[in-house]
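Okay, so here's the structure we're looking at.
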There are 2 protein chains.
Amino acid sequence: MNIGLLLFIPSRNVENRILAAVNAAGFDVSQAQARVLMRVDPEGTRLTVLAESAQVTKQTAGFLVDQLEKAGYLERVPDPTDGRARLVRVTEKAKGAVPVANAEMARIEAEWEQHIGKRRMAQLREALDMLCEITDPYR
Amino acid sequence: MNIGLLLFIPSRNVENRILAAVNAAGFDVSQAQARVLMRVDPEGTRLTVLAESAQVTKQTAGFLVDQLEKAGYLERVPDPTDGRARLVRVTEKAKGAVPVANAEMARIEAEWEQHIGKRRMAQLREALDMLCEITDPYR
DNA sequence: TGTGTTTAGTCAGATACTCTGATTAAAGTA
DNA sequence: TACTTTAATCAGAGTATCTGACTAAACACA
């Protein structure tokens, strides 16, 4: 099987499981919303940066942020350093989802380690870390 | 960085690059169409199987197959073993895209190997192969 | 300082993708 | 034969995404 698919399958598996866990905990967000939400920095992030990072247009990011704002997961505050810009910030409500996501991620990693072994898990992480250096458009 | 994102980033990078290469070679397909197209078996595949494999509903798979059929990349033939079913098959036209995709994939793998080294690349593949055993919903 | 260019974000409109629910027809089962 | 399941489609709706045009603030520099 080609390595693209080999990366895609577990990647989607993680996405599905974390979203399911977060939804089950009562946070009603979609996958697309979650992809934006998880990229918001604790200190706040500009829309343009979110868009780049999630690899969507500013319009799409704006659309998703609007929804997350309406649902009370995000808020927009003026950017003190730039009058044109606003900072998107996560609300207290959204912060409640973080431990849920982390717990599910930890559960997944434990299962994976169980299946492939501690050594291979470390190798996997190391290789992926290095790959992100050349494949992450937002670094 | 969490391992979900660590998998997602290079995975999307591969998708983007292969799609771009295939598009550049004159095959006018979307990402969603490509995800279905690449899952069609040489001997033909049932719509239901495609849907499961690509993790979308039968309706969505049907919608995408319709478009690919109109564009001449897929055809539907009766399934000789089941009167209800039809087999989706790739046309000669679509087969031309395979070497394009393979060449781009080879290029990507070469670049990656260049960056992380042959040994780590082999370890990566091994770990991912094993992970797919527990994360591939369609195996 | 004033003018032209870039940047951050939004508005409007269109398209693509995906889903839920209901339906038809062919198999499979007892 | 009657009941249940399975493969696929139809109809309709909702979500996500894009292109193009626009406003306002910031920046660059002659």
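Just so it is clear: chains get the letters A, B, ... in the order the sequence lines come, proteins before strands, and each one is counted from 1. Note that the coordinates shown come from a computational prediction; the quantities given were computed from them, not determined experimentally.
In this structure, CZ of B/Phe63 is placed 8 Å from P of C/dA16, rounded to the nearest angstrom. At whole-Å resolution of the value, CD in B/Gln55 and C1' in C/dC19 are 15 Å apart. Nucleotide D/dT6 holds its P atom 19 Å from the CG atom of B/Leu50, rounded to whole Å. Rounded to a whole Å, the CZ atom of B/Arg35 is 10 Å from the C1' atom of C/dC17. Whole-Å rounding puts the B/Arg12 CZ to D/dT17 C1' distance at 12 Å. Rounded to an integer number of Å, the gap from B/Asp79 CG to D/dT6 C1' is 13 Å.
Between the CZ atom in B/Arg89 and the CD atom in B/Glu69 there is a gap of 12.0 Å [rounded to 0.5 Å]. Distance CG/B/Leu7 to CD/A/Glu15: 10.5 Å, rounded to 0.5 Å.
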| request: Between protein and nucleotides 7-13 of chain C, map the contacts as a letter string: B base, S sugar-phosphate only, - none, heavy atoms under 4.0 Å, written 5' to 3'. | output: BBBBB--

| side-chain contact (heavy atoms from CB on, under 4.5 Å) between A/Leu124 and B/Leu6, worked out | CA-CA 10 Å; A/Leu124 174 65; B/Leu6 235 33; over 6 Å; no

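Not counting sequence neighbours, B/Glu113 has no partner by the side-chain hydrogen bond (donor to acceptor under 3.5 Å, both in side chains) test.
B/Glu111 and B/Arg17 are joined by a salt bridge, as a carboxylate oxygen and a charged side-chain nitrogen come within less than 4.0 angstrom of each other.
Within the 4.0 Å cut-off from OP1 or OP2 of D/dC18, at least one side-chain nitrogen or oxygen of A/Thr60 is found. Listed pair A/Thr57 / D/dC18 meets the phosphate criterion, a side-chain N or O lying under 4.0 Å from OP1 or OP2.
Other residues, nucleotides and ligands place no more than 12 heavy atoms under 6.0 Å from the CD atom of B/Gln114.
Residues A/Thr81 and A/Val56 each lie close to DNA chain D; by heavy-atom proximity, the contact nearer the 5' end of the strand is made by A/Val56.
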